[in-house]
Structure formats: C-alpha cells, structure tokens
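Beneath this line is the structure, given in structure tokens, with notes to follow.
Everything numeric here is computed off the predicted structure, so don't read it as measured data. When a ligand or atom number is given, it counts from 1 through the structure's own listing order.
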Amino acid sequence: MGNAKLYDNHGRAINYLRLAVTDRCNLRCFYCMPEEGIKYLPKKDLLTFEEIERLVSLLATLGITKIRLTGGEPFVRTDLMQLIRKIKAIPGIHDLHLTTNGVLTAPYIKELKALGIASVNLSLDTLDKTRFHTITRRDEFENVMNTFEQLLHYGIPVKINAVIMEEKNIDDILPLIELTKYKDVSVRFIEEMPFNGEGNHYTQLTWTYKKILAYIQQHYPTLQKVTDPDYSTAYHYVVPGYRGNIGIIAAFSRTFCGTCNRIRLTAQGTLKTCLYDDGVLNIRDLIRSGCSDEELKNQLLNAFAHRPKDGFEAEERRSNHKPVSESMSTIGG
Ligand code: SAM
Ligand code: SF4
C-alpha cells in the first residue's frame with residue numbers, strides 16, 4: 001500500500017515521520033542538554049525494534065512515506081543498522097533519512113549508501129575545534145569532520161545543521177557558508193529554541209532568522225533567494241557561483257507551520273503532532289496493552305484530526321501550561 005493520502009484537520013498533508021530512536025547522546029550540546037544531571041530513560045521504556053517496525057508499517061498504510069531517524073544520537077542505540085535495514089524493507093516507505101552528530105557514524109556510511117539512504121543531516125555548529133568543544137562539551141571534532149568527508153566521498157546528500165547562538169558561533173556563519181563554494185552541500189542555520197532541558201537561555205531570541213539573513217546579506221550582497229522545496233522548513237539561498245546552498249530555519253519564530261507535513265515519535269514512544277506540543281498519544285503503552293492494528297489506527301487518525309494549527313497554539317495547549325523546556329534529545333529536533 002502506502003499510496004494513501006493523510007490529511008489533518010487543517011487540510012495539511014501528513015507524510016513524514018521523525019522517529020527518535022534513543023534519548024541518549026555522546027555529546028552535551030549547550031542548546032540541547034544540561035552538562036550534568038540528565039536522567040536517561042530506562043531501556044525498557046524505549047520502543048523495541050519490533051514495536052517500531054509494526055508502527056511504521058501501520059503508518060505507511062495511512063500515508064507516511066518519509067522517515068527520519070534521530071535521537072539523542074541514533075548511533076548510540078545498539079544495532080541501529082539492523083533497524084535501518086528493517087525500515088528500508090517496509091512497503092510504502094520511499095525515503096529514509098538520518099540526523100546524526102557524526103561522532104560514531106563514519107564506519108556505517110558505506111552500508112548506508114548501499115541501503116539507499118536518501119540523505120544525512122549532520123549537526124555541525126562550528127568549524128573551529130575549540131569552539132566545538134565549548135558548544136558540545138566533548139572533544140570529538142575530528143570524528144565529526146571525518147564523517148562529513150566520508151558522506152561527501154560516498155555521494156550521500158548532506159545537510160549541515162548549525163544552531164546559531166549569540167556569543168557562541170556567530171564567527172562560524174561565514175566559514176560555514178564558504179563550505180558551499182566547492183562542495184555540493186546544504187548548510188542550514190537554525191534559530192535556537194528553548195528545548196535545552198532547562199528552559200530559556202535567553203529572555204528574547206537575538207539571532208532570529210531575519211537577523212541571520214541580514215548578517216549573511218551584509219557579507220554576500222549578491223545572495224540569491226531560490227525556490228524552496230515543497231514542505232521545506234528552510235528558506236533557501238545561494239551565493240552565485242557556489243555549488244551548494246544555504247538554508248535558514250525559523251524554528252523558534254515558527255513561520256513554516258502552515259505547510260507542516262510532519263509528525264514525531266519521541267524516544268519514549270509518544271506521538272507529537274507538533275514540535276511544540278507535550279505529546280498527544282502514548283503509543284508505547286497502547287501497543288503494550290495489546291491494542292489491535294485497527295484500534296491503533298483509529299487512535300492515530302483521531303490525533304491527526306486534532307492537530308493544533310501552529311506551534312503557538314500547540315504551546316498554549318500543553319497540559320502543564322508551561323512553555324517548552326524539555327531537552328531536544330528526547331524529541332529529535
Ligand atoms: N544527535 C543528533 C544530532 O545532533 O544531529 C540528532 C538529534 S538532535 C536533537 C537533532 C537536531 O536538533 C540537531 O540538528 C540539533 O542541532 C537540533 N537541536 C537540538 N536542540 C536544539 C535547540 N535548542 N534549538 C534548535 N535546534 C536544536
Ligand atoms: Fe546530542 Fe544531538 Fe542534542 Fe547535541 S543536539 S546533545 S548531539 S542529541
């Protein structure tokens with residue numbers, strides 16, 4: 001199957017699932033997790049590979065065609081490649097993508113290519129080893145750069161994700177853009193969101209997408225806007241003559257909700273129909289209570305029929321009425 005079309009209560013198509021396979025991580029990015037005191041989920045609270053396979057197969061019959069594996073760091077999950085092979089074999093799943101920090105990824109790239117992975121998003125906020133350590137609190141810069149080179153070597157489409165933060169990596173914006181000069185890579189600058197496990201680092205976001213764009217335009221006056229792919233969360237630009245492109249993602253300003261085609265499954269098996277909600281369906285407990293496929297399908301469809309219109313409404317509807325502060329490591333970005 002997999003040819004079904006799924007729409008929410010606002011007429012938006014839903015065809016994309018972002019799946020967090022673990023909440024564990026081998027980095028401690030400043031904007032994502034506190035340095036210490038993180039309580040990881042007990043392993044029994046994660047969906048098993050069999051549970052994931054069942055759920056993805058069901059979602060494929062409803063209209064999901066694209067999956068992104070994320071985390072935490074996906075490669076920290078034992079036997080991740082086994083899960084990737086299983087998902088690739090599910091009828092109706094046409095595109096499998098991965099978001100990774102690149103620390104453990106390099107040895108698997110050859111097989112990812114052979115399996116037909118559609119693209120890899122690599123998180124890399126700086127090209128400076130010292131700043132890398134300041135941001136991620138770990139000394140893994142060389143491993144991440146090796147992953148980047150290997151991805152290019154094997155011809156896997158690569159997008160670099162860089163969260164832009166005052167006093168942290170503003171000096172990296174231009175060097176990251178220069179990567180697009182000779183390499184066919186997309187570099188995406190992302191507004192920082194308060195999903196850091198602590199709440200706001202800032203009272204107001206300084207580096208909004210508008211400010212990021214103005215900064216880039218100031219240094220590249222010939223910057224050209226190009227057409228954004230369908231459902232894209234990024235505004236795309238190119239520097240004329242450069243091979244790659246630049247994206248700016250208004251993740252905090254939430255300018256893209258009107259065409260949002262994505263749902264999320266957190267590491268603990270909770271469905272989110274908006275990044276900013278606090279979970280709308282505990283799928284893990286449903287599955288473990290012996291729920292039939294038919295019942296599961298009805299619960300899913302009901303959740304899709306009550307989607308908030310945007311991230312602001314989702315935040316208002318949160319059960320504790322508090323603004324977001326949970327770590328992105330359980331959500332997957
Ligand atoms: N560990 C993998 C990685 O870093 O690529 C996958 C999970 S990570 C949570 C997914 C994406 O979320 C990364 O690109 C990361 O930069 C982004 N992210 C995490 N916390 C964020 C925040 N507070 N604001 C904006 N983006 C964030
Ligand atoms: Fe880990 Fe990714 Fe969060 Fe960094 S952004 S701490 S790599 S989950």
Gap separating the CG atom of Leu69 from the CG atom of Asn121, nearest 0.5 angstrom: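 It comes to 12.0 Å.
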Short side-chain donor-acceptor distance under 3.5 Å, Asp139 and His133: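 Distance-only check fails for His133 and Asp139.
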side-chain hydrogen bond (donor to acceptor under 3.5 Å, both in side chains): pairs with one or both residues in residues 14-25, sequence neighbours excluded: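 Checked against side-chain hydrogen bond (donor to acceptor under 3.5 Å, both in side chains) - neighbours excluded - the pairs reaching residues 14-25 are Asn15-Asn261, Tyr16-Arg18, Tyr16-Arg68.
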Distance filter under 2.8 Å, centred on atom 1 (Fe) of ligand 2 - protein N, O or S atoms that pass it: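 Listed by chain and number, the atoms are Cys25 SG.
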More than 12 heavy atoms from other groups under 6.0 Å of CD on Gln218: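 Above 12, so yes.
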Minimal non-hydrogen separation, Ser186 against Asn245, with atom names: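 What the structure gives for the nearest pair is OG-OD1, 2.7 Å.
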Aromatic ring proximity, centroids under 6.0 angstrom, Phe195 and Phe252: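 Not close enough - the centres of the two rings lie 6.0 Å or further apart.
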Short N-O contact, Arg318 and Glu326, less than 4.0 angstrom: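 Yes.
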Aromatic Tyr231 / basic Arg262 pairing, under 6.0 angstrom, 45° off normal: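 Not flagged: Arg262 not positioned over aromatic ring of Tyr231.
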Tell me which donor-acceptor pairs under 3.5 Å the side chains of residues 147-158 have, and how far apart each pair is, sequence neighbours excluded?
unit_1 : atom_1 : unit_2 : atom_2 : d
Thr147 : OG1    : Gly102 : O      : 2.7
Thr147 : OG1    : Ala106 : N      : 3.3
Thr147 : OG1    : Asn143 : O      : 3.3

Quick check for students: name every N or O atom pair between ligand 1 and the protein closer than 3.5 Å, with distances.
unit_1   : atom_1 : unit_2 : atom_2 : d
ligand 1 : 1 (N)  : Gly72  : O      : 3.0
ligand 1 : 1 (N)  : Glu73  : OE1    : 3.3
ligand 1 : 4 (O)  : Ser123 : OG     : 3.2
ligand 1 : 5 (O)  : Thr100 : O      : 3.2
ligand 1 : 5 (O)  : Ser123 : OG     : 2.5
ligand 1 : 14 (O) : Ser123 : OG     : 2.8
ligand 1 : 14 (O) : Asn161 : ND2    : 3.1
ligand 1 : 16 (O) : Tyr31  : OH     : 3.4
ligand 1 : 23 (N) : Tyr31  : O      : 2.8
ligand 1 : 23 (N) : Met193 : O      : 2.7
ligand 1 : 24 (N) : Met193 : N      : 2.9

